[in-house]
Student: 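First the structure, then my questions, so here it is.
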Amino acid sequence: MRIHPAMVLCALPLVAGAQSEPAPPGPAQIASAVARYESGSGMEPLRAIETLVRESLGQPQLRDALEAALAAVLTGDSTFEARRFACQCLAIIGSESSLPAIGGLLENDETVGIACLALAPHPSPKASGLLLAALEARTGPARAQIINTLGDRRDAHSVPLLSKLARDADTAAADAAIAALAKIDTPPAREAIGALRQAPRPALTAALAEASLRSAEGLAASGDRKAATALFEDFCLPSRPAHLRRGAFAALLRLDADGGEQRILDALNGPDDAVKPVAIAGVASLQSDGASARFASKMADLYPGQQILMIGALASRGDGAARDAITAHIGNTNRDVAVAAIRTLGTLGDASSVPAIADVVIESTDTERIDAALMSLGQLRGTASTTAILDAATAAPPDARARLIGVLIARRATGAVPFLIQQAAQDNPRVAASAFRGLARLAEPKDLPALLELLVNLRHTALEDDACGAVVQVARRIANRDVRSEAILATYRKTGAVPVRCALLRALSQTAGTRALDAVLAALDDPDPRIRDAASRALANWSDRSAAPAILARAGSASDATLRILLLRGYIRLLGLGAEQPQKDVLAGYALALQLASRPDEKRMVIAALSASGVPGALPLLAPLLDDPALQEEVAIAVVRIARANPGADREQARSLLSRAASIAKDPAQQREARELLNKLK
Amino acid sequence: MNPHATHTLSRRRFLRRATAIAAAPMIVRGSTLGLNGAVAPSNRITFGCIGIGNRARHVMPSFLAQPDIVFTSVSDCREDRLLSAKDLMDAHYGNRDCRKYADFRELLARDDIDAVFIATGDRWHSTASILAARAGKDIYSEKPISLHIGEGRALVETCRRHGTIYQGGTQRRSTASYRFAMEMVRQGRIGQLRKVEIQVWTGPAIPHDRPAPVPAGWDYDMWLGPVQWRPFVPGRVNGGNWNYFWDTGEGPIVGMGCHYADQMQWTLGRDHTGPVEFEGTCEWPDPAKFMSDTPLTAEIRCRYEDGITAVMYSRGTFKERYIRYIGDEGWIQVDDETNAVTAEPRSILDLRATAGVGWDNAGDHVRNLLDSIRSRRPTICHPEAAHRAQTICQAINIGLRLGRKLRWDPAAERFDCEEANRMIWREPRAPWRV
């Protein structure tokens, strides 16, 4: 919302009470309304002033008037919040003309802070004069506030007074004065800080350290590298806290003509372990030729933890020498160092790194090293790396080959499919299983005949699920359901081996389609009981609803109890597939299932599924079952669940059934919920 | 670190180096490296928590999940929060050891604390970070990392001066979707980048409310901290409302915009610089009804020296946040709510599953901090990067508040407008200073 000053008119009681057709309020009128502002009252005048601030940027006359109006807010009986607001605005537009009014705020401890809000960014040196003049009369936080503001203004003229205050008995004032001197950072200010260093007070140690480091930065920026270096080196002494040593050391690296290379070498040979990580980190940004090789050669002198940091620093350099140095540590006897080197190569290396990393997979017995190597191989960039990994896998012994196949899968190496087909036929079950998993992910429909041949000629029955899974995954990549089953059906028809036929029936249940269903239905009458059983299970596990009628029919005629419950379960599962099925059809399906279920365990299964389905209109199906002593407890639970899911449906019947469920349920929680639902329905 | 060092690097060299730095494994086992020159017996990094409100509780589980961290102390100026924070820590560690401090300076004075987790309100982020750095602590700080540009610059310099490892809470640098988008742009998959589009949500407006007594257990003076005093007004203070007043927060443009500005800077490789021009319009709350003073909606354009532009919208609902990079051959977008990545041409998305890239192994923001604490190398969101991203949002707000187009010199960190320059710094309330 844009607030124009004219809009403020109606919000100003003193203006609104004026005569008709009043002129638009000027800054003075709006400011007089601002003067009464307290939180909770309307903010139209404040927003109008902010609009005027924006408009005044290019209008000197308006700006003068606005400034005068805001200065007026700082005097008289204005509220604190009004003065605060005026100071915020004067911080942006204030000139020398409003300084006297702002200066008045420095006479009161409670308004010194908001005065400094306006004075800190004020461009006039007279603002500093006001602060200096007010300093003597103020104490405590107000005094510290003024000192801070002088520092934030970088007021060089206040250095003599601040130098004196830095030795004041009032520690807070002295602390603030030291900080202010450091911010001002003129040669006299640095001199004053240097003098303080000669006789430091314990309570001011931290402030003086900060100020001294700022002085060193100032000296460096002004070109006095020698003095800056001396000061920074003083903060590298062992008596200094670790963080100051580290900060000063890093500053020295930035100052050194050689980028800190010699200083880093000295630090690595030195005793200060707190600084060594900073030194090692500095290796990353050294510019000299051969730095990677030089520091790589220092690795042997470092502790393992430091070696790991050096690997990281060399990795950041990213050049060939760094990569070679890191590769050399793949076989480091310290596991952590070796793992760091292996992992680093994953991001730094390329195809040429593959043999060394793959060797870890092949030769190591340490799972941590192997895992790191596998991760690195997965991360290496580029197709050339994939090709190199394929070569390594081809030459690797079986266990390593199986792992490397996993890497190829993770890299989605589609070019490895012929290799995987070959490996899936291998004797080693681990290799073959990996290969089948890879084929499931990477093979294409054109590879289906080869996969089916592998399934037919499987050497280990334990691999049947892997092989079958690969066939199904690849077949499912064909959009047309009937086409996707064609190759499987062709194999099914021509193979005589019963286990293979059974596996293919399972595959058909997952690829589905009309022809697949016909084949499975025909197999239900196969003379071989193993085929009949596999066909029944395939039917029960069918992956779409097309098999529902056939399952229902088969369940109705099945004499075997196990088969019957298997089919019933399959039918119920299909009822839950797909959200687009009309709910009345789903309900009818459950009614049929209940009719078909003859034994209590069968009925319980249907009741449980029905209550979980959330389908409306389910209660009438359950009503007669509440009378069955073998089922009534499950039915009572189902009634509560259905009533909870559909509170508005079948209210009359729901009341009746919930009433009965409450008396039947044995679980107190069930009873309570039934009664609560009942009360809601009443 | 020289803030302008990367200016002299070629783009290729910069990218190679940035990638290597981001990818280099920094995980150093505790058994092989100590802190401050000595191997700590527990080998865990000891943390203190400063400010433990809703945001802290949201982020804290990611810290507590790290095996090499132990929180030994908590601090908050609200007694209720302080007590529940202690309970939280004690329950996590199965002891009663967590120390509590109403004044975080006491926590900083402890020598046995290595690092701090700062999740106060925005008004405290820089000041608390700077005090922590001076006390020799390493830092994780929630974003936005500062309340004004001058404060951010002071934070950068203090961390450098004290050798502080600092990480800003712009976690999207460690999120797979954003890393993927960044890489795609850097690899030129959308052609030459022309424009970045960012959307944060429509800012709320806070109704008027009157001053009230400070609730028992609140140290309101400490709550205000560096903010110049104003009365306790529940509507300003409670429920995160402080986000929508200039004194204490800067609205969605900064609060959330800093995440996307940070992404933009990172993707463009501009962590040490920023745009040179800002211009926008916004809609302010109706002052008759509302006391909050940050924009409701806004549309801001900024431009980098090389002509790349960015548009930030404050509009729509919270769930509609996004960043989109638009090139001359396509675009890629990350929806913040869902982390979904969309792109044109769609084939770009196929690269997400390409072998050998490891998008889903983007790393972990907290892990990056801990590794940096041990290696003393900059975090993925180091102070300069965090400050530069934050500067974009703050410059936007200054432009909106002044209602004018601003030119910005990223090297000098000055505007072409004196009034805007006077808004770079806001004097903190003593005794606080940065």
Side-chain angles (χ1 to χ4, degrees), chain A residues 1 3 39-40 42-44 47 54 57 81 84 91-93 113-114 116-117 120-121 141 144-145 148-149 152 172 179 206 210 213 241-243 246-247 250 254 272-274 277-278 281 304-305 308-309 312 315-316 318 336 340 343-344 347-348 378-382 385-386 410-413, chain B residues 2 16-17 19-21 23-29 31-34 36-38 134 136 160-164 208-211 228-231 233 236 283-288 291 353-358 361 374-377 402-404 418-419 422-423 425-431 433:
Chain A
M1 180 169 190
I3 308 300
S39 289
M43 300 193 81
E44 295 94 323
R47 296 292 166 266
R54 284 190 276 277
L57 295 188
E81 289 193 81
R84 188 183 193 280
I92 303 169
I93 62 156
I114 57 174
C116 289
L117 208 52
Q145 179 75 73
N148 287 349
T149 307
D152 290 331
E210 167 86 8
L213 288 170
H243 69 283
R246 290 196 288 245
R254 291 190 290 272
D272 190 346
D273 284 343
V278 184
I308 293 168
L309 298 186
S316 296
D336 295 339
R343 285 184 177 169
T344 303
T347 52
L348 189 64
Q379 287 178 327
L380 284 171
R381 292 173 186 249
S385 296
T386 306
R411 294 177 68 91
R412 297 175 67 92
Chain B
N2 176 355
R16 191 184 69 196
R17 193 168 264 202
T19 305
I21 288 168
M26 294 293 183
I27 299 169
V28 181
R29 281 167 168 262
S31 59
T32 51
L33 192 70
N36 289 337
R134 288 179 186 154
R160 186 173 51 196
R161 189 172 301 134
H162 291 268
T164 309
H208 291 298
D209 194 13
R210 295 186 175 284
Q228 294 294 345
W229 195 86
R230 69 186 321 158
V233 177
R236 283 183 187 276
E283 172 193 5
W284 301 101
D286 177 354
M291 61 177 177
T354 297
V357 183
N361 187 26
R374 294 187 188 277
S375 70
R376 310 313 299 176
R377 294 178 63 195
L402 291 178
R404 61 165 289 175
E418 186 48 37
E419 290 78 10
R422 291 169 75 167
M423 297 170 81
W425 174 260
R426 203 182 306 164
E427 187 65 7
R429 187 171 61 118
R433 63 164 189 265

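Each chain gets a letter, A, B and so on, in the order its sequence line appears, and its residues count up from 1.
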Student: Would you find a donor on one side and an acceptor on the other, under 3.5 Å apart, between the side chain of A/Gln145 and the backbone of B/Pro428?
Tutor: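 Yes: the side chain of A/Gln145 pairs with the backbone of B/Pro428.
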Student: So, the side chain of B/Arg377 versus the backbone of A/Val278: is there a donor-acceptor pair under 3.5 Å, distance only?
Tutor: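 Pair absent, no side-chain N/O of B/Arg377 close to backbone of A/Val278.
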Student: Could you check whether any side-chain heavy atom of A/His243 comes within less than 4.5 Å of a side-chain heavy atom of B/Thr164, counting everything from C-beta outward?
Tutor: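 With C-beta onward as the side chain, the pair stays apart.
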Student: Say you draw a straight line from CH2 of B/Trp229 to CD of A/Glu81; how long is it, rounded to the nearest 0.5 Å?
Tutor: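 B/Trp229 CH2 to A/Glu81 CD: 7.5 Å, rounded to 0.5 Å.
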Student: Identify the heavy atoms of B/Ala288 and A/Glu44 that sit nearest to each other, and give their distance.
Tutor: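 So the minimum-distance heavy-atom pair works out to CB-OE2, 3.2 Å.
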Student: At a 4.5 Å cut-off on heavy atoms, which part of A/Ala172 comes close to chain B: side chain, backbone, both, or neither?
Tutor: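 Neither; nothing under 4.5 Å.
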Student: Search all heavy atoms of B/Ala430 against all heavy atoms of A/Pro141 and return the closest pair with its distance.
Tutor: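 Heavy atoms of B/Ala430 and A/Pro141 come nearest at CB-O, 3.4 Å.
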Student: Verify, without hydrogens or angle tests, whether B/Glu419 (side chain) and A/Ile92 (backbone) share a donor-acceptor contact under 3.5 angstrom.
Tutor: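 Pair absent, no side-chain N/O of B/Glu419 close to backbone of A/Ile92.
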Student: Give, for atom CG of A/Leu117 and atom CZ of B/Arg429, the distance between the pair rounded to the nearest 0.5 Å.
Tutor: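 Answer for the CG-CZ pair, A/Leu117 versus B/Arg429, is 12.0 Å.
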Student: Within a strict 4.5 Å, meaning less than it, do heavy atoms of the B/Glu427 and A/Cys116 side chains meet?
Tutor: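 With C-beta onward as the side chain, the pair touches.
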Student: Decide yes or no for A/Arg54 and B/Arg404: does some side-chain heavy atom of the first lie under 4.5 Å from some side-chain heavy atom of the second?
Tutor: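 Not in contact.
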Student: So which part of A/Ser385 gets closer than 4.5 Å to some heavy atom of chain B, the side chain, the backbone, both or neither?
Tutor: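 Neither the backbone nor the side chain of A/Ser385 comes within 4.5 Å of chain B.
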Student: Does B/Arg161 have any salt bridge (Lys or Arg N to Asp or Glu O under 4.0 Å) partners at least two apart in sequence or in another chain, and if so, which?
Tutor: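 Salt bridge (Lys or Arg N to Asp or Glu O under 4.0 Å) list for B/Arg161, sorted by chain: A/Glu210, A/Glu217.
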Student: As an exercise: rank B/Arg433, B/Arg236, B/Arg134, B/Arg210 by heavy-atom pairs under 4.5 Å with chain A and give me the winner.
Tutor: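 Most heavy-atom pairs within the cutoff with chain A belong to B/Arg433.
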Student: Among all residues two or more places apart in sequence or in another chain, which pass the side chain to side chain contact (heavy atoms under 4.5 Å, CB included) test with B/Pro431?
Tutor: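 Once residues adjacent in sequence are excluded, the partners of B/Pro431 under the side chain to side chain contact (heavy atoms under 4.5 Å, CB included) criterion are B/Arg105.
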Student: Could you tell me which portion of B/Met291 (side chain, backbone, both or neither) has an atom closer than 4.5 angstrom to a non-hydrogen atom of chain A?
Tutor: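 Contact with chain A is through both the backbone and side chain of B/Met291.
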Student: Atom CZ in B/Arg230, atom CZ in A/Arg84: separation rounded to 0.5 Å?
Tutor: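 If we round to the nearest 0.5 Å, B/Arg230:CZ and A/Arg84:CZ are 4.0 Å apart.
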Student: Determine the minimum heavy-atom distance between A/Pro277 and B/Arg374, stating which atoms define it.
Tutor: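 Closest heavy-atom pair between A/Pro277 and B/Arg374: CB-O, 4.0 Å.
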